Q: 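Take a look at this one; I'll ask things after.
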Number of protein chains: 2
Amino acid sequence: MTDPLSPRALRLRDSGFKLTHARLTVLAALEAGDGHITSAALLEEVGRRDPGIGRASVFRTLDLFTRLSIIRPTYMGGSVAPTYVLMPDGHHHHIICMNCNRVFEFEDCGLDALTHALEGRFNMQITGHLLELFGICADCKNAPFKDEDA
Amino acid sequence: MTDPLSPRALRLRDSGFKLTHARLTVLAALEAGDGHITSAALLEEVGRRDPGIGRASVFRTLDLFTRLSIIRPTYMGGSVAPTYVLMPDGHHHHIICMNCNRVFEFEDCGLDALTHALEGRFNMQITGHLLELFGICADCKNAPFKDEDA
DNA sequence: TTAGATGCAAATAGTTTGCATTTGT
DNA sequence: ACAAATGCAAACTATTTGCATCTAA
């Protein structure tokens with residue numbers, strides 16, 4: 001229990017929320033993956049770490065983390081249920097193949113100038129962003145509407 | 001029945017799908033709004049235009065339009081069900097207030113250069129994008145965690 | 001003419017709630 | 001100590017399915 005608190009855990013605490021076992025377990029499960037996870041997979045992973053944690057707490061935690069911009073629900077092919085993406089420094093970028101639903105990530109987005117301009121224009125404080133590009137990946141350029149999963 | 005086909009209807013037809021009454025009604029309902037609509041609101045609007053159209057067809061049409069990048073599901077404040085946003089020229093941009101969930105739209109994103117660079121790097125054909133920025137709006141800068149709807 | 005699309009109603013996810021109990025600070 | 005958070009299981013909402021019928025091309 002004297003684990004070093006991750007930056008996100010600190011963010012949680014600094015926002016005035018309790019660092020409960022359930023929340024820390026959900027956070028650890030999120031951080032252990034590749035940064036993209038569905039609620040179903042997360043429930044499984046959390047259950048693996050501690051079967052005593054209830055479904056409802058996982059969903060409540062997902063809500064809380066979304067409000068804190070730690071994660072962002074996003075739509076990925078086929079399923080209606082969102083996939084939650086971790087927002088490493090408040091931002092995240094990827095390209096989704098509309099045909100096979102594979103996801104390709106990239107880092108550089110060059111949106112700092114735009115962000116700054118919009119802060120002035122709308123008098124908002126902008127804390128992060130999600131940029132999704134859509135298209136057809138190299139493998140799918142020939143075979144439209146196959147819709148296999150990644 | 002000799003209505004001028006909207007560009008999106010043409011896109012549908014050109015992709016090899018039938019221009020059915022149900023699909024055209026869903027499209028008209030989508031285009032009549034402000035570009036952001038939940039399935040519940042869409043079902044209502046479609047029902048108003050033609051009560052004979054079934055729920056399942058509306059959902060099937062939403063799937064199809066998503067595959068064609070005519071719309072893009074996105075998750076907005078609180079609700080689990082996605083909100084579908086029209087992608088006017090294949091792209092769409094907005095800012096969401098993390099506190100009150102209001103949405104502010106803007107047009108210019110300056111992502112052409114990035115898009116082009118990524119097409120080369122991943123050997124993909126990029127057809128559109130969705131850019132969401134998150135932050136706290138002018139009205140909410142003082143009052144955190146109120147969470148009223150827009 | 002006929003593959004593709006539809007409407008229906010029942011089935012299935014997926015998520016939320018109320019509440020008694022526990023826990024972090 | 002005590003407000004905040006939890007786990008449970010039941011309730012709910014949103015979406016999908018199977019299938020007989022219909023319709024756009």
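All chains are named by letter (A, B, ...) in the order of the sequence lines, taking the proteins before the strands, and each is independently numbered beginning at 1. No hydrogens, no waters, no symmetry mates; every other heavy atom, side chains included, goes into these values. A quick note: this is a predicted structure, and the numbers were derived from the prediction, not measured.
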Q: For A:Ala56, which contact category applies under a 4.0 Å heavy-atom criterion: base, sugar-phosphate, or nothing?
A: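 Result for A:Ala56 = base.
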Q: Could you give the NE2-to-P distance, from B:His21 to D:dT23, as a whole number of Å?
A: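 Taking NE2 of B:His21 and P of D:dT23, I get 10 Å after rounding.
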Q: Round to a whole Å and report the spacing from CZ of B:Phe59 to P of D:dT17.
A: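 It is 12 Å, rounded to the nearest whole Å.
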Q: Would you mind reading off the distance between A:Leu10 atom CG and C:dG24 atom P, rounded to a whole angstrom?
A: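 Result: 17 Å.
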Q: Calculate the interatomic distance between B:Arg13 atom CZ and C:dG4 atom C1'; express it in whole Å.
A: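 Answer to the nearest Å: 17 Å.
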Q: Could you tell me how far apart B:Leu43 (CG) and D:dT15 (P) are, to the nearest whole angstrom?
A: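 My rounded result for the distance is 8 Å.
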Q: With DNA chain D as reference, determine whether A:Ser57 or A:Val80 sits nearer its 5' end, using the nearest nucleotide of each.
A: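 Nearest-nucleotide comparison on DNA chain D picks A:Ser57.
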Q: Determine, for A:Asp14 against A:Arg8, whether the closest basic-nitrogen to carboxylate-oxygen distance falls under 4.0 angstrom.
A: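 Salt bridge absent between A:Asp14 and A:Arg8.
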Q: When only distance counts, do a donor and an acceptor, one from the side chain of A:Arg23 and one from the base of C:dG24, lie under 3.5 Å apart?
A: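 Under the 3.5 Å cut-off, the side chain and the base do not form any donor-acceptor pair.
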Q: Could you check whether the side chain of A:Arg60 and the base of D:dG7 have a donor-acceptor pair of N or O atoms closer than 3.5 Å, going by distance alone?
A: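 Yes, a donor-acceptor pair under 3.5 Å.
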Q: Nearest whole Å is fine: how far is D:dT15 P from A:Tyr75 OH?
A: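 Between P of D:dT15 and OH of A:Tyr75: 11 Å.
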Q: Please answer whether the main-chain N or O of A:Ile53 pairs with a side-chain N or O of A:Ser57 as donor and acceptor at a distance below 3.5 Å.
A: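 Checked: no pair found.
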Q: Whole angstrom is fine here: how far is it from CG in A:Asp63 over to C1' in C:dG14?
A: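 Whole-Å distance recorded here is 13 Å.
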Q: Without decimals, in angstroms, what is the distance between B:Phe17 CZ and C:dA3 C1'?
A: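 That distance rounds to 13 Å.
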Q: Just call it for A:Pro82: base, sugar-phosphate, or nothing, with non-hydrogen atoms closer than 4.0 Å on any strand.
A: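 Sugar-phosphate only.
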Q: Can you identify which nucleotide, out of C:dA3, D:dT6, D:dT16, has its nearest atom closest to the B:Lys18 side chain?
A: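 Of the options given, the side chain of B:Lys18 lies nearest C:dA3.
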Q: Just by distance, do the side chain of A:Arg23 and the backbone of A:Thr61 share a donor-acceptor pair under 3.5 Å?
A: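 Judged by distance alone, no pair lies under 3.5 Å.
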Q: Counting just side-chain N and O atoms, does A:Thr20 come under 4.0 Å of either OP1 or OP2 of D:dT6?
A: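 Looking at the OP1 and OP2 atoms of D:dT6, one of them is under 4.0 Å from a side-chain N or O of A:Thr20.
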Q: Between A:His92 and A:Met87, is there a donor-acceptor pair closer than 3.5 Å when you use the side chain of the first and the backbone of the second?
A: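 Pair absent, no side-chain N/O of A:His92 close to backbone of A:Met87.
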Q: Going by heavy atoms in the side chains, are B:Phe104 and B:Cys137 under 4.5 Å from each other?
A: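 Yes, close enough: below the 4.5 Å cut-off.
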